[in-house]
Amino acid sequence: AMHIELLEAHGFRNLEPLTLELAGKAVLVRGKNAQGKTNLLEALYVCATGRSFRGAPPRELLRHGSERGRLAARFSRQGVRHDVEVSLSGVQRQVSVDGRGLRQVTRLLELVNVVAFFPDDLRIAKGSPEERRRFLDRAIANHRPDFVEAAMAYAKVLKSRNALLRAPAAPDRLLLETYDEQLVQHGAVMHQAREETLADLVPLVARRFDAVMQSPSALGLRLHSGVPDGELKEAFATALSRSLPRDRARGQTSVGPHRADLLLSVHGRDARLFASQGQQRAMVLALKLAEVEYLTRRLGSPPILLLD
């Protein structure tokens, strides 16, 4: 099993400098509103993954007036302990494990796995595609380092391509073709991992949803790839070429896995339009419970669960 034994935070959000020794399988943190309970969980999440669940850049993680911050945590996995330290400055984060710098943050996944459940997650059912995409991608990241590496490479190329599209001069054709080829290559890895993970999650989510609703509710989950239908590499390459005039006009890439969506339905009807508030909450709960069950099977032990 995985446990958190220690957390230290200095210069992080609104938290006073702290050192917490944690014992037992379950830890309950109580306090009034705005005292920093969510920030405490965020600090643990950053130590476990190298990034904020809010998607915040390093400078936003720093305490007001601080130029640097430091987080440290001790994780135990099946009796083996590891110390993780995250140093934060205005523009970057540096992660070390057991005193040695980590070049690839994906290595953290070999040491610790977390599933986080925060109030914002209740927006998954009716929120933006980005929120649903983020849920699925977090589940994948916990057991597929290849997905994380492809997603990071994809994001880097996408940023470069968009900058090229926004430049006043006509984009260099050769450079554009190179970016397109890289997007297709990394995007195919992302899409395959999403499809494979979702196929395993669907029956687990459906069963959990029926249990929460106490009736057979025919919950459906389907991945929209972010590109027109067809074999992904071929369809994506064609779509990038066809959308170039529009992308150039808008200064951004309009097709690709960064536009993917997790489509939810109940009895065949789009959950975004027709799900009741009770069904929305049940969907999110079912998604999270299924994620924990899925990862426990894949990893051989339960992940750490962070509940806000």
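When a residue number appears, it is its place in the shown sequence, counting from 1.
Across all non-hydrogen atoms, the minimal contact from Ser66 to Gly11 is OG-CA, 4.2 Å. Nearest heavy-atom pair across Leu164 and Pro171 is CG-CB, 3.8 Å. Scanning all heavy atoms of the two residues, the minimum distance from Phe75 to Val112 falls at CD2-CG2, 3.7 Å. Of all non-hydrogen atoms in Ala282 and Met213, the two that sit nearest each other are CB-SD, 3.5 Å. Residue Val284 comes nearest to Ala125 through the heavy atom pair CG2-N, 4.4 Å, listed as atom of the first residue, atom of the second, then distance. Scanning both residues, Leu71 and Ala9, for their nearest heavy atoms gives CD2-CB, 3.6 Å.
Between the CZ atom in Phe209 and the CD atom in Gln279 there is a gap of 5.0 Å [rounded to 0.5 Å]. Atom CG of residue Leu223 and atom CG of residue Leu198 lie 6.0 Å apart, to the nearest 0.5 angstrom. Of the inter-residue distances, the one linking Arg59 atom CZ with Arg93 atom CZ reads 11.0 Å to the nearest 0.5 angstrom. Going from atom OH of Tyr45 over to atom OG1 of Thr38 covers 14.0 Å, rounded to the nearest 0.5 Å. To the nearest 0.5 angstrom, Arg132 atom CZ is 11.0 Å from His224 atom NE2. Taking CG of Leu306 as the reference point, atom CZ of Phe118 lies at 5.5 Å (rounded to 0.5 Å).
Looking at Met190 and Phe147, their side chains come closer than 4.5 Å, going by heavy atoms from C-beta outward. By the 4.5 Å heavy-atom criterion applied to side chains, Leu18 and Leu40 are counted as neighbours. Inter-residue side-chain proximity for Val114 and Pro303 is flagged as unmet; no heavy-atom pair is nearer than 4.5 Å. Side-chain contact between Glu5 and Glu21 is absent, with no heavy-atom pair separated by less than 4.5 Å. Between Glu149 and Gln104 there is a side-chain heavy-atom pair separated by less than 4.5 Å. Leu244 places a side-chain heavy atom less than 4.5 Å from the side chain of Leu165. Annotation: side chain of Leu201 is not in contact with side chain of Leu221 (no heavy-atom distance under 4.5 Å). Using a 4.5 Å heavy-atom cutoff, the side chains of Ser265 and Leu219 are not in contact.
At most 12 heavy atoms of other shown residues, nucleotides or ligands fall within 6.0 angstrom of atom CG in Asp229. Other residues, nucleotides and ligands place more than 12 heavy atoms under 6.0 Å from the CZ atom of Arg166. Shown here is Glu196, whose CD atom has more than 12 heavy atoms of other residues, nucleotides or ligands within 6.0 Å. For Arg63, the CZ atom is densely surrounded, since the number of other residues' heavy atoms within 6.0 Å is greater than 12. Residue Lys126 places its NZ atom among more than 12 non-hydrogen atoms of other residues, nucleotides or ligands, all under 6.0 Å distant. Atom NZ of Lys156 has 12 or fewer heavy atoms from other residues, nucleotides or ligands within 6.0 Å. Counting non-hydrogen atoms of neighbouring residues, nucleotides and ligands closer than 6.0 angstrom, the CD atom of Glu231 exceeds 12 such neighbours.
Looking at Ser96 and Glu85, their side chains never bring a donor and an acceptor atom within 3.5 Å of each other. No hydrogens or angles considered: nothing links the side chains of Arg144 and Thr197 as a donor-acceptor pair under 3.5 Å. For the residue pair Gln185 / Glu181, no side-chain donor-acceptor distance below 3.5 Å is found, with atom types taken as modelled. Between the side chains of Asn113 and Arg77, a donor-acceptor pair is found at a separation under 3.5 Å.
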### Task
Please lay out, stage by stage, how Val27 and Ile4 fare under the test side-chain contact (heavy atoms from CB on, under 4.5 Å).
CA-CA 10 Å; Val27 177; Ile4 305 166; over 6 Å; no
### Stepwise side-chain contact (heavy atoms from CB on, under 4.5 Å) test for Gln280 and Met283
CA-CA 5 Å; Gln280 292 173 49; Met283 280 178 195; 5.5 Å; no
### Message
Test side-chain contact (heavy atoms from CB on, under 4.5 Å) on Asp270 and Leu263; report intermediate values, then the result.
### Response
CA-CA 8 Å; Asp270 190 338; Leu263 304 177; 6.0 Å; no
### Message
Using side-chain contact (heavy atoms from CB on, under 4.5 Å), reason through Val157 and Thr178 one step at a time and then give a plain yes or no.
### Response
CA-CA 10 Å; Val157 175; Thr178 301; over 6 Å; no
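Two rings, from Tyr154 and His258, have their centers less than 6.0 Å apart. The six-membered or imidazole ring of Phe274 lies away from that of His267, with a centre-to-centre distance of 6.0 Å or more.
In this structure, Asp121 pairs ionically with Lys288, as a charged nitrogen and a carboxylate oxygen lie closer than 4.0 Å. Using a 4.0 Å cut-off between charged nitrogen and carboxylate oxygen, Arg161 and Asp247 count as a salt-bridge pair. We find that Arg100 and Asp98 are not joined by a salt bridge, their nearest charged nitrogen and carboxylate oxygen being 4.0 Å or further apart. Glu293 and Arg208 are joined by a salt bridge, as a carboxylate oxygen and a charged side-chain nitrogen come within less than 4.0 angstrom of each other. The pair Arg133-Asp261 does not meet the salt-bridge criterion, since no charged nitrogen lies less than 4.0 angstrom from a carboxylate oxygen.
Here the side chain of Arg13 pairs no donor or acceptor atom with the backbone of Ala43 at under 3.5 angstrom. With hydrogens and angles ignored, the 3.5 Å screen pairs no side-chain donor or acceptor of Lys233 with any backbone N or O of Ala188. Thr253 contributes no side-chain N or O that, together with a main-chain N or O of Val255, makes up a donor-acceptor pair within less than 3.5 Å.
One hydrophobic cluster, built from ILVMFWY side chains closer than 4.5 Å, cannot hold both Leu22 and Leu6; they sit in different ones. Hydrophobic clustering keeps Met152 apart from Val189 (ILVMFWY residues linked when any side-chain heavy atoms are closer than 4.5 Å, directly or through intermediates).
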Identify all side-chain donor-acceptor contacts of residues 134-141 below 3.5 Å with residues at least two apart in sequence or on another chain.
unit_1: Arg134; atom_1: NH2; unit_2: Glu130; atom_2: OE2; d: 3.2
unit_1: Asp137; atom_1: OD1; unit_2: Arg194; atom_2: NE; d: 3.0
unit_1: Asp137; atom_1: OD2; unit_2: Arg194; atom_2: NH2; d: 2.9
unit_1: Arg138; atom_1: NH2; unit_2: Phe53; atom_2: O; d: 2.6

